[in-house]
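Lettering follows sequence order; numbering is per chain, from 1. Model, not experiment: these values are computed from the prediction.
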2 protein chains.
Amino acid sequence: MTELSTMKDGVANQAEASDRVLQILAEAGRLFASKGFEGTSMRDIALACGISKSLLYHHFANKDEIYARVAVGSTLELYLFVRDRIPDGAPSQKIRAFMVATAEYFRRYRWAWIASTTAFWNDPDRHRHKERLTRRDRFENFLRGLIQEAIDAGEIRKVDVPMTGRLILSSLNWMHRWYNPNKSATPEQIAEIFFDMIFNGLRSGELVELPGAVPPKEPLKTGRRKSR
Amino acid sequence: MTELSTMKDGVANQAEASDRVLQILAEAGRLFASKGFEGTSMRDIALACGISKSLLYHHFANKDEIYARVAVGSTLELYLFVRDRIPDGAPSQKIRAFMVATAEYFRRYRWAWIASTTAFWNDPDRHRHKERLTRRDRFENFLRGLIQEAIDAGEIRKVDVPMTGRLILSSLNWMHRWYNPNKSATPEQIAEIFFDMIFNGLRSGELVELPGAVPPKEPLKTGRRKSR
DNA sequence: TTTTTCACAGACCGATCGGTCAAGCCCGGC
DNA sequence: GCCGGGCTTGACCGATCGGTCTGTGAAAAA
């Protein structure tokens, strides 16, 4: 069984985590995502769980620890989740798989995702959450490795690797600001559209077919018009 | 004189705004950007300004109004700021100018930018800030118009316009999460790199030169390697 | 000179914050 | 029976929150 098999509700995966702890983490993640860290009180979390506030302190030392479990746990899983979904094959297709997998994670564990990408970034005391940051680094370095691989294979031009990674991650990280689950397109489909744009570029002209390049399937319609 | 000439510290521009009001807006914007809305208290703002807390309530009705002035003011200015910097010429070059101008705004009025793109997006009561949202819509619709123009001119392929706008704005909106003013590249240079990537795409192959397309200047170095 | 205006300060308010504590409840082992 | 320990509670704490109230001093208006 993988590290993911014990995952529950997209939040925690520690083997010893009880149902109550998982419930608290799930509700807290949802609240942090919708109201922010400072905007979510311990009373809010307790009310959402239908338990007393004191019980939160029985399971967690303080508010920071709840947030850390939501954010660190989710970021660790993000790396493993994505890594396990990268197929063998053409490097550019691995980048595409990376984007689709990240989008899938976003769709499935949306609250934990938003909580981990929203809060604390501007907190001057953010080094409390060092572990989460290094895990996020691992995730980003993994993408950079894929980009370098695609360059070495000659599938993409010799672009700046860190900047390319930032462009790709920006398109995914910003999605929670505008994504509407009620609309037709899934996050995975959106990720494929972004990959197509970033990989092929916007400018008109002949598209050069590469070994494992351009997604051959017709992407989908999200708005009024779509083509290639 | 333009609407921008009365702008001060990237925040407010009302003609009747006193120095003290501008000072409060500037300090509040900085604090909202660094600690978030909920994380910033009225006492914090007063302390940063070196005034009493009561004085804040002499100039503003409440905390929401201070935030609204920071965010709405800055978002209005963003649209005007960018619009005035779009040159006549090839549509794709207008998109490039749009990105560079947005990046310049980000560099110059960073606190107001972060405050306006950070807080309140997840607030269920966000409709308090309706005015800001419609102004942000105007800004985004402006970009979509430029994209449609480039499609009609045949400079870019028939991509999905809203999705293309989201990709472009994602790359710029996410910048405040990783941008380091101490590093060499300016936001404007970063915007040019992103435009180059998005416009030309990553994949290798011959680049087709268009009337006013690819920025001919060598972009710059931000990391270890860079080429095209 | 008297009056009005207004930027400003300090004391204060009820509400809520994160966090503590002592005590119950419940259930399996003796 | 009863005993021990983990799950759970409500009362309570000091601190801080957003916001109000009363006054003050100095400049402008009369």
Give the rounded distance in Å between these two atoms: CD1 of A/Ile51 and C1' of D/dG10.
14 Å

Donor-acceptor pair under 3.5 Å, A/Lys63 side chain vs C/dG19 base:
no

Options D/dC12, D/dC17, C/dT20, nucleotide nearest the side-chain atoms of A/Arg43:
D/dC12

Nearest-nucleotide pick for B/Ser54, side chain only, options being D/dG18, C/dG10, D/dT9:
C/dG10

Using the ring centroid of each side chain, check whether A/Phe195 and A/Phe98 are separated by less than 6.0 Å.
no

When the nearest nucleotide of DNA chain C is assigned to B/Lys53 and to A/Asn62 on a heavy-atom basis, which residue is associated with the more 5' position?
B/Lys53

Using a cut-off of less than 4.0 Å, is there contact between a side-chain N or O of A/Ser52 and OP1 or OP2 of D/dG10?
no

Would you say C/dC8 has OP1 or OP2 under 4.0 Å from some side-chain N or O of B/His58?
no

Parallel, tilted or perpendicular: rings of B/Phe32 and B/Phe37 (30°, 60°):
tilted

I want to check a possible cation-pi pair here: B/Arg177 against B/Trp174, using under 6.0 Å from ring centre and within 45° of the ring axis as the test.
yes

Counting only side-chain heavy atoms from C-beta out, which of D/dT8, C/dA9, D/dG19 sits nearest to B/Leu55?
C/dA9

Under a 3.5 Å cutoff, is there a donor and acceptor pairing between the side chains of B/Ser41 and B/Asp44?
yes

Which of these nucleotides, C/dA7, D/dG6, D/dG18, is closest to any side-chain atom of B/His59?
C/dA7

Value in whole Å for how far the P atom of C/dA22 lies from OH of A/Tyr57:
17 Å

Take atom CG of B/Asp64 and atom P of D/dC17, then tell me their distance rounded to the nearest Å.
16 Å

Using whole Å, report how far CE of A/Met42 lies from P of D/dT9.
14 Å

Within this structure, what is the NZ-to-P distance between A/Lys35 and C/dC17, rounded to whole angstrom?
8 Å

When you check the gap from the basic side-chain N to the acidic O, do B/Arg85 and B/Glu104 get nearer than 4.0 Å?
yes

Expressed as a whole number of angstroms, how long is the span from B/Leu56:CG to D/dC17:C1'?
14 Å

Against the side chain of B/Arg20, the closest entry in C/dG18, C/dC8, C/dA9 is C/dC8

Let me know the distance between CD1 of B/Ile24 and C1' of C/dA7, rounded to the nearest Å.
11 Å

